[in-house]
Chemist: 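Let me begin by handing over the structure; questions about it come next.
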Amino acid sequence: MKIRTQVVAGTIIFALLLLVVSGLVVATNQKVERLIDQETIANEIALEVGELGYLSNDYILYREPQQEDRWNAKFTSITGHIESLSVDTTEQQAIVGNLRTNLGNTKAVFDDIVSSPHQSEGTGFSFVQLSWSRMAVQNQGMVFDAGRLASLLRFQTDGLRETRTLLIFALVGAFVAFLLSSYVLFYRRTLTSISRLQEGSRIIGSGNLEYAIEQKGDDEISELARSFNRMTSDLRQVIATKSDLEKEITGRKEAEEQLVQANAQLRESKQNLIQQNDELNELNEELVATQEELRQNVEELIQVQQDLRKSEGNYRNLFERMTEGFAVHEIVCDDQGVPKDYRFLEINPAFEQLTGLKRNDTIGKLVSEVLPGTEQFWIDRLGAVALTGRPDHLENYSATLGKYYSVFAYSPVHRQFVVMFNDITERKRAEEALKEYTESLKRSNEDLERFAYIASHDLQEPLRNVVSFSQLLSRRYKDKLSTDADEYLGYIVEGGKRMQILVQDLLEYSRVNTRGQAFMPVECEPIVEKVTQNLQSQIQDSDAVIVTGPLPTVLADPSQLYLVFQNLVGNAIKFHRESTPPRIRISAEKTGKMWKFAVRDNGIGIDSAYYQRIFEIFQRLHTREKYPGTGVGLAIVKKIIERHGGEIWVESDTDKGSTFYFTVPAPA
């Protein structure tokens, strides 16, 4: 092959190899950057899910609108991150699907919390705990999936980095091979051929026409050597005449010209080699710049890995500080694919505290080994979660541990399931006690109903007879008996009437919960007007003035709300100062989902020591002669307000007046 052809072919082959390897390096580097971006997004999702859990807790505890807005904003951000994920493998796509599903479940749980009514103090703690547990389950599932996805992407990135490094080494190796081949093929081989040609020319020029120059290959130098050999052969075959000598001289000149041409070609080849060497130097500089860029990428990767380890440490800290038990299991099935056991893969410290099982005694072991006699119920329910991927929530008794547990289970991957649980033994016992108390209260209410029946029928009839006949005796024998007898009859009549009033008040008290009407929207102003009309005689006798501000519409039993206003306004008129006419003001203001009413007077006031006592049945602070009554009115008011889910209390200054406050729910 010609020297020029060899140079051109070598240059083209190396250029093609350089383009292919460089293209692979660039494509691999772009894919590495994309995977790093996806891994960063996965880590961002995990961090934002943790923030979403904190925002959920704040909203559950305080139910403030701005917290709901912040939660929705964070939810939108997480949704955008999840939708921006672009993964390759089936496992990664399944994890992204789980993230979408869990995020949807989280939104559904939060919507349930937002739409649920505000709980009273008694049940608020249970509601907060349940809501937090539901949100924590969804959040932990998403944190786990996001961390797993980041790990997979990091593993894939490391593999591509190794491939990229191998390609760079291959490119450097190709460059070295090209230099060596250039040296061997173009420099050493050409110089060796020229050296042989020069040595042969010197020997032939000295007169040794028997010498033959060694010739290898079919390049220009080999052709020149063959020409020398032919010339030498011709010189040996003819007699050296002048003309032959001239011809020989001419042949030599031609050979010399060919030699000059060969030297020119050699110089041109050398120049091409120098030019190629310059190009290789430029390529080497580009490789050095690429290596510097790779070094910077490695430093960035190290920083990202350090941040990831810090983030993993935070996740681990959260995992170990959770108050809920957390465990990862693998289901074990028989030959027919039916769950028969499961194996412990990971547990947190709360798991050890709630179950009494130790980590070293559980990890890697079957539940049948750790807890012999575990009920098949647990294996069936949890096995269904691992095989179908559908989450499950259950509350059941564990005979092997002797406790009740509230368990939420979900499947991060096929044939595995994660449980988060709490010990609800005390709650279950409280529920059983509450059930017993409810039964007792039900029996007590039934007794109260029977008492009300007796009071309304059997007790009032004798009272009416006593009062009627006592009044008849008093009218018929007035002034015919002794003075003491008239006084005694008066006591009997008065006592009978008081007993009738007391029985009526007791009936009202007992029927607050049993005879009440359904709650409905009720306008308060007509109720107060009706009360004012019914108390008109007392108002006129005491010269009382009643002032009402704008009164709202509330959700209440209208007949019972009437009793509340009648008792409070009647008491305000009855307990006025002798020298001061009663001045009564009724007002209302909105507080959350309730209306707070205030009935304010300028009466005799109440000592703070009796604020609670006045709401108890039969409790009186004054003698019956000074202020008549049975002591049941405020007890009835308190029972009515409590039936409506509200509260009642009093604030007072002695000799300055009292203000009774109570709350009633507003219509939805």
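Along the sequence shown, residues carry numbers from 1.
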Chemist: Is Lys403 close enough and on-axis enough to Tyr397, meaning under 6.0 Å and within 45°, for cation-pi?
Modeler: no

Chemist: Check whether the side chains of Ser77 and Glu48 place a donor and an acceptor atom closer than 3.5 Å, and report yes or no.
Modeler: yes

Chemist: Hey, do the aromatic rings of Tyr59 and Phe110 have their centres closer than 6.0 Å?
Modeler: yes

Chemist: Quick one: do Trp378 and Ser398 satisfy side chain to side chain donor-acceptor pair (under 3.5 Å)? Show the steps, please.
Modeler: CA-CA 9 Å; Trp378 294 99; Ser398 173; 4.6 Å; no

Chemist: Suppose we screen for side-chain hydrogen bond (donor to acceptor under 3.5 Å, both in side chains). Which residues come up paired with Arg381, at least two apart in sequence or across chains?
Modeler: Asp392

Chemist: Taking C-beta and beyond as the side chain, do Leu568 and Leu634 meet within less than 4.5 Å on heavy atoms?
Modeler: yes

Chemist: Counting only N and O atoms by type, is there a donor-acceptor contact under 3.5 Å from the side chain of Glu525 to the main-chain atoms of Leu551?
Modeler: yes

Chemist: Pairing donors with acceptors under 3.5 angstrom, does anything connect the side chains of Ser406 and His393?
Modeler: yes

Chemist: Check whether the side chains of Lys107 and Asn72 place a donor and an acceptor atom closer than 3.5 Å, and report yes or no.
Modeler: yes

Chemist: Rounded to the nearest 0.5 Å, how far does CD of Glu44 lie from CD1 of Ile82?
Modeler: 13.0 Å

Chemist: Return all side-chain donor-acceptor pairs below 3.5 angstrom for residues 530-537, not counting sequence neighbours, or 'none' if the list is empty.
Modeler:
from, atom 1, to, atom 2, distance (Å)
Thr532, OG1, Val528, O, 2.8
Asn534, ND2, Tyr562, OH, 2.1

Chemist: For Glu324, does its backbone N or O pair with a side-chain atom of Asn348 as donor and acceptor, under 3.5 Å?
Modeler: yes

Chemist: Using side-chain heavy atoms (C-beta onward) and a distance below 4.5 Å, is Pro665 in contact with His644?
Modeler: yes

Chemist: Looking at CD of Glu83 and CG of Leu99, how far apart are the two atoms once the value is rounded to the nearest 0.5 Å?
Modeler: 10.5 Å

Chemist: Regarding Thr663 and Trp595, do their side chains bring together a donor and an acceptor under 3.5 Å, going by distance alone?
Modeler: no

Chemist: Exactly one of Phe662, Phe660, Trp649 should register a ring pair (Phe, Tyr, Trp, His ring centres under 6.0 Å) with Phe597. Which one does?
Modeler: Phe662

Chemist: Show, in sequence, the C-alpha distance, side-chain angles and deciding distance for Arg585 and Asp601, and conclude whether the salt bridge (Lys or Arg N to Asp or Glu O under 4.0 Å) test is met.
Modeler: CA-CA 7 Å; Arg585 178 173 180 79; Asp601 62 54; over 6 Å; no

Chemist: Checking the side chain of Asn602 only, and the main-chain atoms of Ile584 only, is there a donor and an acceptor separated by less than 3.5 Å?
Modeler: no

